[in-house]
Structures are given as structure tokens and as C-alpha cells.
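Worksheet for the structure shown next.
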Number of protein chains: 2
Amino acid sequence: MKITFKGDYALKAILDLALHYDSGELVTSFDLSQRIDAPIKFLEQVLLELKKGGFIESRRGNIGGYRLARVPGQITVGDIVRLVDGPSEPIACVNKDYSNCADIKKCIFKGIWQKVDQATSGIIDHITFEDLASQISINQKVLSYSI
Amino acid sequence: MKITFKGDYALKAILDLALHYDSGELVTSFDLSQRIDAPIKFLEQVLLELKKGGFIESRRGNIGGYRLARVPGQITVGDIVRLVDGPSEPIACVNKDYSNCADIKKCIFKGIWQKVDQATSGIIDHITFEDLASQISINQKVLSYSI
DNA sequence: ACATATCCGATGGGATAAGTAGGAAAGAGG
DNA sequence: CCTCTTTCCTACTTATCCCATCGGATATGT
Ligand code: FES
Ligand code: FES
């Protein structure tokens with residue numbers, strides 16, 4: 001599991017949308033890029049990917065923008081990071097049949113990477129953006145969240 | 001944590017040396033490359049890195065080769081993979097002060113990546129090559145280990 | 001001297017990361 | 001219909017890393 005800037009931006013964007021979810025309002029890519037400090041044109045691509053992934057929806061035009069396509073409690077960190085940064089395993093052979101090992105069945109390392117993958121998944125797949133959003137509103141009622 | 005071919009080769013090389021540790025004999029890069037199925041010239045670079053890291057020692061010349069510089073029980077998977085593939089954290093901000101977040105102290109994601117890192121470390125730092133070697137000799141007395 | 005190995009630096013092709021640029025398409029308001 | 005805004009889409013760039021390959025320098029036993 002390697003988190004790139006793209007994944008980082010995606011997570012922050014979703015979190016921001018989660019914090020605006022109750023209001024029902026749309027958030028523009030401009031506002032988003034300001035708050036999460038991401039280059040707007042790059043962020044647009046990420047948002048498009050998130051849309052195609054089914055996590056957000058959008059409206060174009062004058063008062064357009066983005067909002068979550070689901071309740072924050074039904075989107076996990078793992079969902080987002082897997083979509084934009086790929087699978088969580090540290091090496092490809094864990095979930096695929098492909099490997100550079102002669103006999104994948106006997107490979108003694110595969111089990112290690114599977115454990116690592118499971119441990120990672122156990123964390124990122126159980127944290128929802130509802131969890132994160134509530135954590136923020138507890139810690140910093142007035143302050144803008146730092147993301 | 002991302003395992004590259006370099007890391008993969010390094011782990012297999014160390015395991016092979018661990019299996020030959022009791023004999024006290026040196027293993028050549030040629031033999032190593034044959035058994036672990038790695039390009040010899042590339043493997044040489046990896047072995048050099050492992051030597052500089054203090055995990056193996058070598059002798060040049062006619063009957064030269066490599067052997068472990070320590071007992072297999074004192075080398076962990078984490079040691080090797082960290083040396084050749086870098087730190088185990090999924091994003092740089094976990095262990096460094098650097099991040100692309102405005103206020104790293106308030107960043108809500110940092111805690112997640114720290115947990116992932118700890119979970120990963122908890123696995124790879126507790127598996128030694130003695131463990132792996134004994135596992136192989138139990139499973140496949142006659143068969144050559146597949147790595 | 002010679003064969004055998006490790007050591008070491010340079011180079012190159014391919015993939016990925018992180019943007020930039022430019023515009024097409026859609027929607028609201030006048 | 002016209003304009004302004006905002007999303008959508010494609011192509012391009014620049015840098016960095018990965019995975020080697022090559023050519024030789026250096027050391028060592030016989
Ligand atoms: S099958 Fe994945 S490292 Fe061997
Ligand atoms: S400080 Fe690491 S993601 Fe925010």
C-alpha cells in the first residue's frame with residue numbers, strides 16, 4: 001500500500017464533502033482545491049475518477065459542483081484509496097496468480113504479504129468518513145479542519 | 001510499503017543464505033541467481049547493498065561467495081525489506097515532519113497511516129530467517145524450496 | 001599467470017507520478 | 001439566444017524510479 005498525492009487529495013476531497021453532506025449543498029472544485037490545497041486541474045481529474053467510481057455525483061454549469069453519492073458512513077478510507085491508488089497489497093502475487101516465483105504455491109513469503117495486506121485492510125476498511133467527520137467536529141468546532 | 005523486485009530478490013537471497021548457514025560454505029552469486037531466478041548482474045547489485053547494510057559478508061576470488069554476517073535468527077524480514085525498498089510507512093508524513101498537509105498536527109489521516117505502519121511493522125519485524133528456514137525444512141525435506 | 005568472483009560506475013528503456021494546457025459540453029440567468 | 005460558470009475529457013510534459021544490461025576494475029586461490 002502506497003499513498004500517492006492523488007490518493008491523498010481524494011481522501012481530503014471526500015472528507016470535505018462529508019463535512020458538507022448534511023447541508024445538501026454542492027461544493028465546487030475551486031472551493032475544494034482551496035481548502036485541501038490541491039492544484040485545481042489535477043483535482044478535477046481526481047474528482048472525475050471518484051465520480052466514475054460511484055462515490056460522488058456532480059452537476060455542471062452555473063451553480064454546479066460535487067456532493068457525496070452516499071451517506072458518509074458508507075464510504076470507507078479503503079474504498080477511496082483502493083480506487084485511486086490501487087490494491088492494498090504490498091506485492092502483486094498476494095491476490096493474483098501472477099508472480100515471479102517459480103512455484104507460487106510453495107512460496108514462503110506470500111503468506112507474509114497476505115498477513116500484511118489483511119492487517120492493512122482491517123484498518124482502512126473499517127474507518128468511514130462519518131467516523132472522521134465526527135472526529136473533526138469534536139476536536140475543532142470553530143477551527144477549520146486541517147487536511 | 002511496496003515490495004519491488006529488488007526487495008523480493010533480496011529476501012530470497014537472504015533466505016537461501018540462511019539455508020546454507022549451518023554448512024559454513026560460501027554461496028556464489030551465480031548459484032544464488034540460479035536458485036532464486038534473478039538476473040545475475042542485477043542480483044550482484046542487491047548483494048552489494050546487503051553487504052553494505054551489514055547483513056552479509058563476502059569473499060572475492062576463486063572460491064569466493066557470500067554468507068550471512070549474522071545468525072539467521074537475528075535477521076528479520078523487516079530488516080531486509082526496509083534496507084532495499086525503503087521505510088514501511090504508506091506515506092512519508094508518518095515518520096517525518098514533511099507532509100503536504102497545512103497543519104500536520106491536526107491532520108486526521110496521519111493517525112490512520114501510523115496504525116497501518118505499526119500493523120505492518122508488527123508482522124515483518126517479528127519474522128526472522130530462522131523461522132522461515134525451519135518452516136521450509138519441515139515442509140519440504142527433499143524438495144527444493146520454491147522462492 | 002590464470003581462472004574465478006566480487007565490486008563498481010555508467011547507461012538505457014519503460015513505467016509511474018504529478019502536474020499543465022486547452023478546450024468541449026452542460027446548465028442557469030438574463 | 002447569449003453569456004457566464006462549472007464540470008468533463010484528452011493530450012502533453014517533466015521528473016523520478018524500476019529493472020535491468022554492459023564493461024571493466026579489483027581481489028584471491030591454484
Ligand atoms: S509468490 Fe509472491 S513472493 Fe513468492
Ligand atoms: S499529515 Fe500525512 S496525510 Fe496529513
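Quick caveat, the model's predicted, so the values are computed rather than measured.
Pairs engaging residues 71-89 of chain B under the salt bridge (Lys or Arg N to Asp or Glu O under 4.0 Å) rule: B/Arg82-B/Asp125 [sequence neighbours left out].
When each of A/Leu50, A/Val46, A/Leu19 is paired with A/Ile14, the side chain to side chain contact (heavy atoms under 4.5 Å, CB included) condition holds for A/Leu50 and for no other.
For the pair A/Asp37 CG and C/dA18 P, the interatomic distance rounds to 15 Å; values are reported in whole Å. The separation between A/Arg67 atom CZ and D/dT6 atom P is 16 Å, rounded to whole Å. Atom CG in B/Leu26 sits roughly 12 Å away from atom C1' in D/dT28 (whole-Å rounding). To the nearest angstrom, C1' of C/dT16 lies 10 Å from NZ of A/Lys2. Counting to the nearest Å, the C1' atom of D/dG29 and the CG atom of B/Asn62 are 5 Å from each other. For the pair B/Leu43 CG and C/dC7 P, the interatomic distance rounds to 12 Å; values are reported in whole Å. The CZ atom of A/Phe30 sits 18 Å away from the P atom of D/dC4 (whole-angstrom rounding). In this structure, A/Leu32 atom CG and D/dT7 atom C1' are separated by 13 Å, rounded to whole Å.
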Taking protein heavy atoms under 4.0 Å as touching, what does nucleotides 8-22 of chain D look like 5' to 3' if B marks base contact, S marks sugar-phosphate-only contact and - marks none? BB---------SBBB
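From B/Asp8, atom CG reaches atom CD1 of B/Ile80 across 13.0 Å, with rounding to the nearest 0.5 Å.
Side-chain contact between A/Cys93 and A/Phe109 is absent, with no heavy atoms from C-beta onward closer than 4.5 Å. Here the side chains of A/Ser58 and A/Lys51 are in contact, with some heavy-atom distance below 4.5 Å.
In this model, no donor atom of one side chain and acceptor atom of the other lie less than 3.5 Å apart for A/Asp117 and A/Thr120.
Taking 4.0 angstrom as the limit, A/Ser29 places none of its side-chain polar atoms (N or O) nearer than this to OP1 or OP2 of D/dT6.
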